[in-house]
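Along the sequence shown, the residues carry numbers beginning at 1.
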Amino acid sequence: MLGACPVAQAEEPAAPKKPTVTLTAFAWDVLTPDGDLMLNVKINGKLQPVQIAWRDRSVPLVCDGSGPLVFTQTKEQKGKTVEVPVASADIPAGVTRVLLIFGHNPSHGPGELRYLVKVLDDSYTVFPGQSVRFLNYSHMELGGSLGGNAFSVAPGGDQVVPAALPEKNRLLPFQLARRDAAGGWKRLRSTGLPMTEGLRVLVFILDDQKNPGRPDMVLLRDRAEAPAPPAPGGSQ
């Protein structure tokens, strides 16, 4: 007699792993320096707290893949604890890093979310180390120079400028000007911007309510992470 032989089963190919996306966030007009914006967000099926600082990057969060994210606040309603949606962000496919910028929703009313979120591609291919990114939230057309590189950024515009390492004092010459009603340029600022290897500087530009002729600038600094070394024995 021949013993029964098990039939070999073809192994199903493993499902491709979704690319991870690193998220950071900051708020610019939804709170004061005295406190942070405390929200919750469901990432990979799990509700997580997120502390969004005033004009500073939050602690990074990592999620799998793209798609919508809904931010909530914990409220008591009719004796029950519920999560009330206050903001949403749609993470585009193909990005590896995202910066979420929270601001007030000026038309907030019944059925409207309390905060608006701008989703900014924060990937190193778009915003590499050793560069400066100008994000113009003001009403002014701005321009200037960074080291030997000229730039211009319209209202609502976004411009990344390469930043060479300074030869002296680690300070890169930086000039900022705005276009006036006659079409000329008026210098607003002339200073040195600290720059070191791998540093990224986001210059977030706002209208200054106390001085309408000059913008308010918020600088967010971080450093591009070095790529992970190849695994031992891996292909070169």
Side-chain angles (χ1 to χ4, degrees), residues 21-43 47-63 66-77 81-92 95 97-123 126-127 132-142 153-160 176 178 188-189 200-222:
V21 181
T22 300
L23 308 170
T24 53
F26 82 98
W28 65 276
D29 74 340
V30 298
L31 68 171
T32 69
D34 299 329
D36 294 340
L37 184 61
M38 303 300 298
L39 302 178
N40 299 312
V41 61
K42 186 170 286 188
I43 293 180
L47 195 66
Q48 300 184 36
V50 55
Q51 183 175 355
I52 302 173
W54 186 78
R55 302 191 180 190
D56 197 4
R57 284 182 184 261
S58 69
V59 173
L61 295 173
V62 177
C63 67
S66 58
L69 288 177
V70 177
F71 294 84
T72 61
Q73 284 183 319
T74 305
K75 302 287 186 181
E76 291 289 334
Q77 292 185 355
T81 300
V82 297
E83 292 296 321
V84 178
V86 294
S88 66
D90 194 15
I91 309 304
V95 301
R97 306 182 71 86
V98 169
L99 176 64
L100 306 178
I101 303 175
F102 283 70
H104 271 300
N105 182 355
S107 64
H108 175 231
E112 296 283 341
L113 294 177
R114 185 174 179 182
Y115 306 120
L116 297 177
V117 182
K118 181 179 179 65
V119 180
L120 198 66
D121 187 344
D122 199 37
S123 305
V126 174
F127 183 18
V132 177
R133 187 174 197 170
F134 296 93
L135 187 63
N136 188 2
Y137 263 43
S138 78
H139 74 284
M140 291 174 273
E141 182 178 354
L142 300 169
V153 56
D158 178 6
Q159 179 70 41
V160 178
L176 183 69
R178 65 173 175 86
L188 299 173
R189 189 165 307 193
R200 306 193 309 169
V201 183
L202 174 65
V203 181
F204 187 69
I205 305 170
L206 303 157
D207 287 321
D208 186 342
Q209 303 301 325
K210 296 181 180 179
N211 191 350
R214 297 181 63 87
D216 184 14
M217 294 179 18
V218 180
L219 274 61
L220 303 180
R221 298 178 175 88
D222 73 325

Nearest 0.5 angstrom please: [X] [atom1] to [Y] [atom2], how far?
| X | Y | atom1 | atom2 | value |
| --- | --- | --- | --- | --- |
| L206 | M140 | CG | CE | 9.5 Å |
| E112 | N105 | CD | CG | 5.5 Å |
| M217 | R189 | CE | CZ | 4.5 Å |
| F71 | Y115 | CZ | OH | 12.5 Å |

[Y] side chain reached by [X] side chain, heavy atoms, under 4.5 Å:
| X | Y | value |
| --- | --- | --- |
| F127 | R97 | no |
| P85 | L113 | yes |
| E83 | T74 | yes |

[X] (side chain) donor-acceptor with [Y] (main chain) under 3.5 angstrom:
| X | Y | result |
| --- | --- | --- |
| N136 | S138 | yes |
| R214 | L188 | yes |
| R178 | G213 | yes |
| R200 | D122 | yes |
| S58 | I52 | no |
| D121 | V95 | no |

inquiry  = Could you walk me through whether H104 and L116 satisfy the side chain to side chain contact (heavy atoms under 4.5 Å, CB included) test, starting with their C-alpha distance in whole Å, then the side-chain angles of each, then the deciding distance to 0.1 Å, before giving a yes or no?
reply    = CA-CA 6 Å; H104 271 300; L116 297 177; over 6 Å; no
request  = Kindly indicate, with the supporting measurements, whether the criterion side chain to side chain contact (heavy atoms under 4.5 Å, CB included) is fulfilled by R133 and D158.
outcome  = CA-CA 7 Å; R133 187 174 197 170; D158 178 6; 2.8 Å; yes
key: Pairing of D216 and R55 as salt bridge, 4.0 angstrom limit   = yes
task = Could you tell me how the ring of F204 sits relative to the ring of F26: parallel (under 30°), tilted (30 to 60°) or perpendicular (over 60°)?
result = perpendicular
